[in-house]
Amino acid sequence: MAQRVTIAEIAEQAGVSVPTVSKVLNGRADVAEETRARVERLIREHGYRRRASGTPASPMIDLVFSQLGGEWAIELIRGVEEVARAEGVEVVLSECGGAWRPRQEWIESVLNRRPLGAILVFSDLDADQRAQLEARRIPFVVVDPVGDVGPDVPAIGSANWNGGRLATQHLTALGHTRIAVIGGPDDVLCSRQRVDGYTDALRSSGLTVDPALVRTGDFSVTGGHREALALLRLPDPPTAIFAASDLTALGVYQAARELTLEIPRDLSVVGYDDLPVAQHVGPTLTTVHQPLHHMAELATRLVLDLSRGATPTALRLDLAVSLQVRQSTTKHKG
C-alpha cells in the first residue's frame with residue numbers, strides 16, 4: 001500500500017528539516033521536545049509507516065515487565081528466551097518500576113535500537129507510544145493485558161474468568177459456603193475477570209456474594225498476608241479463601257500460621273498460576289494452572305512473525321487453564 005505522506009511532507013508541515021523528522025523517527029535525543037511533539041502528532045495524524053528498508057532491525061526482542069522479580073516473571077522469561085535462543089535472537093529486559101506503562105525514555109531507547117519487536121508483560125502502551133512503534137514498523141505483543149487492549153492489538157492471555165470459576169466451584173463442591181477472594185488491583189483486567197468468575201460460581205451454587213469477603217490485593221505475599229488477616233479476624237470468618245495468585249496464597253499461609261490455623265483443617269486455600277513454589281510449600285497448594293511458559297513462547301513467536309511481515313491467524317489468544325488439586329483444600333466439616 002502506498003504511503004499517504006512522505007517524510008518530506010511531514011517536515012514541510014512541521015516546519016522542520018527532513019533530517020529532523022528522521023531523527024524523531026529514529027528516537028534521537030537531540031531534538032527539542034516541542035519539535036518532537038509536533039512531528040509525532042503529524043506522524044500519528046497521517047498514519048505514517050516507515051517503508052521497509054534494506055537495513056535489518058537488530059536481532060533482539062525487548063521484553064518489558066511492569067515489575068521484575070519472583071517466579072511468575074522467571075517462568076515468562078524462560079519461555080521467551082527458549083524461543084529467542086532457537087531463533088538466534090537476543091532478549092533485552094526492562095521494567096516499568098511497578099507502573100502499567102513504560103516510560104518515554106524506554107520508547108526512545110527502543111526507537112534508537114530498532115529491535116525486531118517488543119513483548120510487554122502485565123503492562124501496556126498508551127496511544128502515542130503505540131503510534132510511535134507502529135510508525136517505525138516495530139511490532140509489539142502484550143502478555144496478560146492490564147486493560148482491554150482492543151481487537152487490533154496482538155495479545156496473549158489466559159481464561160481468567162474460567163480460572164476464577166474453577167477455583168470457586170472446587171471449594172463449593174467441598175461444602176464451603178463462606179468463601180473469600182483476594183484479588184489483585186481493581187484496575188487490572190485479569191484480576192477483575194478472576195473475581196467475576198468467583199462471583200459467578202457462588203451465584204450458580206445458590207450462594208450470596210458477601211462484600212466483606214471480597215478483598216483487593218496486589219498479587220504479592222505482603223498483600224495476601226494483610227488481606228487474609230483482615231478476613232480471618234472477621235466475626236464470621238471464611239472457611240476457604242481463593243487467592244488470585246500463588247504469591248497471594250503464600251501470604252494467606254503466613255496469616256493462618258500467625259493465627260494458629262491449620263491448612264486445610266481450619267482453612268482451605270486455592271491459588272492461581274501454579275508456580276513451582278506451589279508444590280514446595282506445606283501443605284502443597286491447590287491452584288489454577290496458568291500456562292505462563294507457553295504464553296511466553298506464543299508471544300515470542302507472534303512478535304517474530306509480525307516482524308517478518310507474516311499475517312497471524314489470530315491477534316488475540318486466551319489459553320485454557322486447569323485446576324491442580326493438591327493438599328491445601330478439604331471438605332468443610334461445619
Side-chain angles (χ1 to χ4, degrees), residues 71-72 75-76 122 143-145 155-186 188-210 213-217 219 223-224 227-228 231 238-253 256 263-264 267-281 283-296 298 316-332:
E71 290 189 63
W72 183 84
E75 284 296 299
L76 289 163
F122 216 53
V143 175
D144 223 353
I156 306 292
S158 69
N160 290 293
W161 183 87
N162 190 48
R165 198 171 194 275
L166 285 174
T168 311
Q169 282 179 326
H170 172 66
L171 293 170
T172 59
L174 292 173
H176 293 276
T177 57
R178 291 287 290 170
I179 303 170
V181 62
I182 304 175
D186 287 333
V188 174
L189 180 62
C190 69
S191 173
R192 296 198 304 272
Q193 291 173 331
R194 292 171 196 178
V195 174
D196 285 348
Y198 152 88
T199 300
D200 182 81
L202 287 184
R203 289 175 175 158
S204 296
S205 299
L207 300 173
T208 301
V209 179
D210 184 349
L213 299 184
V214 180
R215 301 282 171 152
T216 300
F219 292 138
E227 299 303 325
L231 287 165
T239 62
I241 295 177
F242 165 41
S245 78
D246 287 350
L247 295 181
T248 299
L250 295 184
V252 176
Y253 273 45
I263 297 173
L267 179 70
S268 286
V269 181
V270 178
Y272 200 107
D273 286 328
D274 197 19
L275 299 175
V277 69
Q279 298 186 61
H280 299 154
V281 294
T284 54
L285 179 64
T286 296
T287 186
V288 176
H289 175 76
Q290 182 176 211
L292 295 171
H293 194 280
H294 189 38
M295 288 164 62
L298 288 177
R316 178 65 190 255
L317 293 173
D318 285 321
L319 304 188
V321 298
S322 60
L323 184 69
Q324 303 298 311
V325 179
R326 299 193 179 104
Q327 299 171 343
S328 65
T329 52
T330 193
K331 288 184 179 180
H332 178 48

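Note that the structure is a prediction, hence the values are computed from the model and not measured.
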Backbone of Ala249 reached by a side-chain donor or acceptor of Tyr272 within 3.5 Å: no
ring-ring contact (aromatic ring centres under 6.0 Å, His included) against His289, all qualifying residues, sequence neighbours excluded: none
Verdict with supporting geometry, Leu76 and Asp144, side-chain contact (heavy atoms from CB on, under 4.5 Å): CA-CA 11 Å; Leu76 289 163; Asp144 223 353; over 6 Å; no
By side chain to side chain donor-acceptor pair (under 3.5 Å) - contacts of Arg203 (at least two apart): none
Pairs touching residues 319-328 that satisfy salt bridge (Lys or Arg N to Asp or Glu O under 4.0 Å), sequence neighbours left out: Asp274-Arg326
Thr330: partners by side-chain contact (heavy atoms from CB on, under 4.5 Å), with sequence neighbours left out: Pro264, Ser268, Lys333
Whether Ser328 side chain and Val269 backbone form a donor-acceptor pair below 3.5 Å: yes
Check: Tyr198 side chain, Ala244 main-chain N or O, donor-acceptor pair, under 3.5 Å: no
Residues which pass salt bridge (Lys or Arg N to Asp or Glu O under 4.0 Å) with Asp196, listed by chain and number, not counting sequence neighbours: none
With Trp72 via ring-ring contact (aromatic ring centres under 6.0 Å, His included) - residues at least two apart: Phe122
Note, His294 side chain near Leu298 side chain (heavy atom, < 4.5 Å): yes
All side chain to side chain donor-acceptor pair (under 3.5 Å) counterparts of Ser158, not counting sequence neighbours: Gln290
Pairwise salt bridge (Lys or Arg N to Asp or Glu O under 4.0 Å) hits with a residue in residues 162-175, at least two apart: Arg165-Asp200
Ser205: partners by side-chain contact (heavy atoms from CB on, under 4.5 Å), with sequence neighbours left out: Thr172, Leu207
Partners meeting side-chain contact (heavy atoms from CB on, under 4.5 Å) with Arg215 (sequence neighbours left out): Ile182, Glu227, Ala230, Leu231, Leu234
All side chain to side chain donor-acceptor pair (under 3.5 Å) counterparts of Glu71, not counting sequence neighbours: none
Side chains of Arg178 and Asp210 in contact at under 4.5 Å (non-hydrogen atoms): yes
Qualifying residues under side chain to side chain donor-acceptor pair (under 3.5 Å), relative to Gln193, sequence neighbours excluded: Asn160
